[in-house]
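Atoms within a ligand are numbered from 1 in the order they appear, just like the ligands themselves. For the numbers below, each heavy atom of this structure counts, side chains included, while hydrogens, waters and symmetry mates do not.
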Amino acid sequence: MTNVDTCVIGAGFAGLTAALRLKRAGQKVALLEARDRVGGRTFTVDGPNGCWIDRGGAWIGPGQTAIYGLMQEFGVPSYKQYVDGKAMMVVDGKQYRYEGTIPLTMSPWAAANMGAVFLELGRLAKSIPLEEPWEARNAEKLDQTTLSGWLHNHTLSKPAHALLEAALAGCHTSAASEVSMLFVLYQMASGGGPGFLLGVKDAAQDSRPVGGMGAIYRPMAAELGESLRLNTPVREIIQDGQGITVRGEQVSVRARHVVVAVPIAIASQIRYEPMLPMDRSFLHQRMPSGAIVKINIVYDEPFWREDGLTGQSFSPDSPATLTIDASTDQARPGVMCVITEGPAARKLTMMGETQRRQAVLSEVVDRFGAKGAGPIDYLEQDWSVERYSGGGMLSHAPPGVLTEFGHALREPCGRIHWAGTESSAEMCGWVDGAIRSGERAAAAVLSRSADPDRIDATLDELR
Ligand SMILES: Cc1cc2nc3c(=O)[nH]c(=O)nc-3n(C[C@H](O)[C@H](O)[C@H](O)COP(=O)(O)OP(=O)(O)OC[C@H]3O[C@@H](n4cnc5c(N)ncnc54)[C@H](O)[C@@H]3O)c2cc1C
């Protein structure tokens with residue numbers, strides 16, 4: 001049995017941050033990670049010709065001060081996403097080139113309708129109180145409405161509807177019929193609005209860390225040293241009057257506090273003794289993740305740039321729904337990233353490997369030309385089959401969940417504190433939100449360590 005002050009479960013950005021902050025504050029910490037690597041839903045690997053590839057979370061943007069702060073701590077610079085050219089929208093097989101966030105070159109009616117919906121989304125998102133979205137005006141009505149239902153009532157143009165539905169539902173990697181409109185607005189608001197969520201320049205896809213996310217998580221793991229234990233899935237957490245025991249197959253840790261930093265969609269894979277309070281327990285049963293496939297295709301050079309294209313394209317329901325230039329800060333090689341989400345991703349993963357690759361490359365050729373057929377490397381990552389992610393990019397709340405159970409998202413349960421991007425009121429769903437949640441959980445542990453009576457009070461609620 002290892003004895004520590006705090007045991008942190010899950011070494012994604014949330015858990016790494018919590019463990020690091022507690023260790024630096026002088027605590028004895030154990031960070032238990034199920035996989036043979038850290039990073040969780042971020043995963044940076046070496047690619048050909050000296051490049052690096054982010055197989056999970058990759059982009060950062062303005063306002064994400066938590067991740068920029070961490071990058072500064074570890075001396076990781078950022079570089080700007082390539083945007084010198086036109087993006088592309090594909091509707092009914094027809095390609096439209098455009099600049100900015102809204103494809104104004106599509107029919108003026110569709111573009112106007114999209115613009116109006118964007119304005120309305122921005123207005124509604126502004127009205128959501130981030131710490132308590134269930135207290136928003138019309139919260140109940142919005143939470144009873146799905147994204148799909150809301151769009152049916154607000155989009156009059158068919159192409160505008162198809163594009164908005166695919167783009168917004170894509171952010172939740174699920175069908176629009178699965179996600180609560182209140183949750184859509186809350187997550188959007190937590191990043192600053194629809195422009196931030198869907199935009200590139202000055203928005204969520206504005207920049208990337210040089211060296212990828214791994215350039216940040218590797219030094220964090222190194223500083224944690226022997227406090228970090230890989231290949232250690234946690235199976236149960238047992239609280240008693242004196243402390244808390246965390247158990248896996250080959251591990252037993254005794255601690256005063258625990259931070260659970262695993263994705264909420266799979267938090268119920270851990271057995272809690274005594275059982276968690278009802279609303280937290282039910283929340284674990286009600287926040288699923290969706291399907292996302294991220295494919296990085298490496299070429300000798302980013303050939304699309306010569307044709308005045310940014311590499312960004314969007315084609316609802318296609319096997320390659322979204323493409324974006326994912327090259328490093330160097331001129332060569334070129335990396336084209338294909339992201340397919342929700343129902344289209346589920347369809348894609350049902351194809352055989354060869355058929356899938358052909359389908360994806362053929363889409364790239366259609367949009368960017370024959371050079372797309374000749375990559376030097378092709379790396380697929382299907383997050384829906386990752387046991388310790390349970391899907392990606394983030395867990396969402398279906399209708400009714402946020403208003404009924406949202407209050408349990410961050411409330412500690414006795415000695416258990418909750419971290420993970422889903423528990424962050426700001427930048428919920430992004431790496432930045434994960435870091436914020438780790439900072440919050442660490443601060444809560446430190447403040448409770450100084451006031452043990454508060455633990456006893458919350459433990460009483462569990463008995
Ligand atoms: C394809 C994809 C693209 C994305 N793109 C972006 C992007 O461009 N920008 C951005 O900001 N965000 C992006 N995201 C989202 C971002 O990656 C996540 O928000 C963030 O990484 C979540 O961090 P976390 O620490 O909360 O959870 P995770 O990273 O999921 O970490 C949880 C950790 O817990 C471990 N674990 C699970 N169960 C157990 C257990 N029982 N015992 C021990 N350990 C366990 C897991 O192995 C994992 O390491 C993307 C995600 C995906 C999948």
Task: Partner residues of Glu223 under the side chain to side chain donor-acceptor pair (under 3.5 Å) criterion, sequence neighbours left out - done: Arg24
- [ ] Please test Arg440 against Glu426 for side chain to side chain contact (heavy atoms under 4.5 Å, CB included), starting from the C-alpha separation and ending with a verdict.
- [x] CA-CA 11 Å; Arg440 173 186 42 75; Glu426 273 180 81; over 6 Å; no
Open item on the list: Show every salt bridge (Lys or Arg N to Asp or Glu O under 4.0 Å) that has at least one partner inside residues 50-67, sequence neighbours left out.
Closed with: Asp54-Arg208
- [ ] I would like to know whether Ile60 and Val431 meet side chain to side chain contact (heavy atoms under 4.5 Å, CB included); could you show each step before the answer?
- [x] CA-CA 8 Å; Ile60 53 179; Val431 174; 6.0 Å; no
- [ ] Show your working on ring-ring contact (aromatic ring centres under 6.0 Å, His included) between Phe196 and Trp430 and close with a plain yes or no.
- [x] CA-CA 12 Å; Phe196 182 83; Trp430 284 277; 5.5 Å; yes
For a distance cut-off of 3.5 Å, show me each N or O of ligand 1 paired with any protein N or O, plus the separation.
from     : atom 1 : to     : atom 2 : distance (Å)
ligand 1 : 8 (O)  : Ala58  : N      : 3.1
ligand 1 : 8 (O)  : Trp59  : N      : 2.9
ligand 1 : 9 (N)  : Trp59  : O      : 2.9
ligand 1 : 11 (O) : Val431 : N      : 2.8
ligand 1 : 17 (O) : Arg41  : O      : 3.3
ligand 1 : 19 (O) : Gly429 : O      : 2.8
ligand 1 : 25 (O) : Phe13  : N      : 3.2
ligand 1 : 25 (O) : Ala14  : N      : 2.9
ligand 1 : 26 (O) : Thr421 : N      : 2.8
ligand 1 : 27 (O) : Arg41  : NH2    : 3.1
ligand 1 : 29 (O) : Arg41  : N      : 2.8
ligand 1 : 30 (O) : Arg41  : NE     : 2.7
ligand 1 : 30 (O) : Arg41  : NH2    : 3.4
ligand 1 : 41 (N) : Val234 : O      : 3.2
ligand 1 : 42 (N) : Val234 : N      : 2.9
ligand 1 : 44 (N) : Ala34  : N      : 3.1
ligand 1 : 47 (O) : Glu33  : OE2    : 2.6
ligand 1 : 47 (O) : Arg35  : NH1    : 2.9
ligand 1 : 49 (O) : Glu33  : OE1    : 2.6
ligand 1 : 49 (O) : Glu33  : OE2    : 3.2

TODO: Any salt bridge (Lys or Arg N to Asp or Glu O under 4.0 Å) involving residues 3-19? Give me the pairs, sequence neighbours left out, ordered by first then second residue.
DONE: Asp5-Arg256
